[in-house]
Amino acid sequence: MILYLFALTYVFPVLAKFENSVKRTITNAFFMSIRHIVATIVMIVIAGAVAAFTVLVFPPLIILGFGLIAFLQSYFLRRIFAFYIPQEGTEENEEENFFMTNAELREQEEREHLEMEQQENDSAEGEEE
């Protein structure tokens, strides 16, 4: 049950940030939660504290409670995701990168498309000669 809660803390942020299948997203979320166990526990405590404060002290906060939890957890998630997003200028094998952001995926597809066009142009020029 606790491991499920750990993985659930990361599933939606991982889904929003990276391009993966559903199975890969859940697997990555689980492994991230275990690798960054301290941050995971702090994020769960934040969610519990906001929920408890909403229920016990200030019920109208339920309108903003979910957004507040996401906002507070985002500080931890940005640091955690920085480990999995390759820095610019570093070469990495694209086939082995399971954590690709949507922008990186589009960029890779665009590079492949441009390479194919260049090869077609080169082959067309070679046939003309």
Side-chain angles (χ1 to χ4, degrees):
M1 178 71 172
I2 291 180
L3 294 177
Y4 175 74
L5 184 62
F6 282 7
L8 190 62
T9 304
Y10 286 86
V11 166
F12 294 108
V14 169
L15 182 64
K17 187 71 174 174
F18 301 104
E19 184 78 25
N20 289 315
S21 66
V22 174
K23 182 179 178 183
R24 176 64 70 182
T25 298
I26 294 169
T27 304
N28 289 342
F30 174 74
F31 286 125
M32 280 183 192
S33 69
I34 299 302
R35 181 173 182 198
H36 307 281
I37 191 82
V38 174
T40 302
I41 292 170
V42 171
M43 288 191 296
I44 291 171
V45 168
I46 287 171
V50 171
F53 183 78
T54 300
V55 170
L56 300 174
V57 179
F58 192 62
L61 186 63
I62 197 163
I63 296 170
L64 303 175
F66 296 110
L68 180 62
I69 291 169
F71 176 72
L72 295 174
Q73 288 180 350
S74 70
Y75 289 104
F76 294 96
L77 292 168
R78 282 190 312 157
R79 288 184 182 166
I80 291 168
F81 288 164
F83 287 108
Y84 302 102
I85 299 173
Q87 300 297 321
E88 290 185 27
T90 59
E91 292 296 321
E92 189 172 311
N93 186 356
E94 298 287 341
E95 299 295 324
E96 295 180 12
N97 187 4
F98 296 121
F99 296 98
M100 291 187 71
T101 62
N102 294 337
E104 291 171 335
L105 190 61
R106 284 192 302 271
E107 195 174 288
Q108 179 184 3
E109 290 172 354
E110 188 174 306
R111 270 188 268 131
E112 291 172 355
H113 180 70
L114 290 173
E115 288 174 3
M116 285 179 23
E117 284 182 353
Q118 183 65 32
Q119 289 174 354
E120 289 174 1
N121 290 340
D122 291 344
S123 64
E125 289 176 5
E127 290 176 5
E128 290 178 3
E129 294 176 6

| Distance in Å, Q118 CD paired with E115 CD, rounded so as to fall on 0.5 Å steps | 9.5 Å
| query | Any chain of hydrophobic side-chain contacts (each under 4.5 Å) joining L64 to V50? | reply | no
| Does atom CD1 of I62 have more than 12 heavy-atom neighbours, drawn from other residues, nucleotides or ligands, at distances under 6.0 Å? | no
| Are Y75 and M32 grouped together when hydrophobic residues (ILVMFWY) are joined by side-chain heavy atoms under 4.5 angstrom apart? | yes
| Residues, nucleotides or ligands: over 12 heavy atoms within 6.0 Å of L114 CG | yes
| field | Nearest-0.5 Å distance that lies between atom OG in S74 and atom CD1 in I80 | value | 11.0 Å
| L3 and I34, any side-chain heavy atoms less than 4.5 Å apart | yes
| request: Flag yes if more than 12 heavy atoms outside E110 fall under 6.0 Å of its CD atom; otherwise flag no. | output: no
| Is the centre of the H36 ring less than 6.0 Å from the centre of the F83 ring? | yes
| field | Plane angle bin for Y84 and F18 - parallel if under 30°, tilted between 30 and 60°, otherwise perpendicular | value | perpendicular
| field | More than 12 heavy atoms from other groups under 6.0 Å of CG on L56 | value | yes
| note | Rounded to the nearest 0.5 angstrom, the CG-CE distance for L8 and M1 is 9.5 Å
| query | Same cluster or not: are L68 and V55 linked, directly or through other Ile, Leu, Val, Met, Phe, Trp or Tyr residues, by side-chain heavy atoms under 4.5 angstrom apart? | reply | no
| query | Under a 4.5 Å cut-off applied to non-hydrogen side-chain atoms, are Y10 and N28 in contact? | reply | no
| field | Hydrophobic cluster membership, I69 vs M43, 4.5 Å side-chain cutoff | value | yes
| Backbone of S33 reached by a side-chain donor or acceptor of T40 within 3.5 Å | yes
| task | Supply the atom-to-atom distance K17 NZ to L77 CG, rounded to the nearest 0.5 angstrom. | result | 10.5 Å
| message | Count I, L, V, M, F, W, Y as connected when their side-chain heavy atoms are under 4.5 Å apart, and connections chain through other members. Are F31 and I44 then in the same cluster? | response | yes
| query | Closest heavy-atom contact between A29 and A7? | reply | CB-O, 3.7 Å
| request: Using the side chain to side chain contact (heavy atoms under 4.5 Å, CB included) rule, take F30 and V11 through it: C-alpha gap first, then chi angles, then the decisive distance, then the call. | output: CA-CA 8 Å; F30 174 74; V11 166; over 6 Å; no
| Point-to-point distance, once rounded to the nearest 0.5 Å, from OG1 of T27 to CG of N20 | 9.0 Å
| message | Does H113 form a side chain to side chain donor-acceptor pair (under 3.5 Å) with E117? I'd like the steps, not just the answer. | response | CA-CA 6 Å; H113 180 70; E117 284 182 353; 2.8 Å; yes
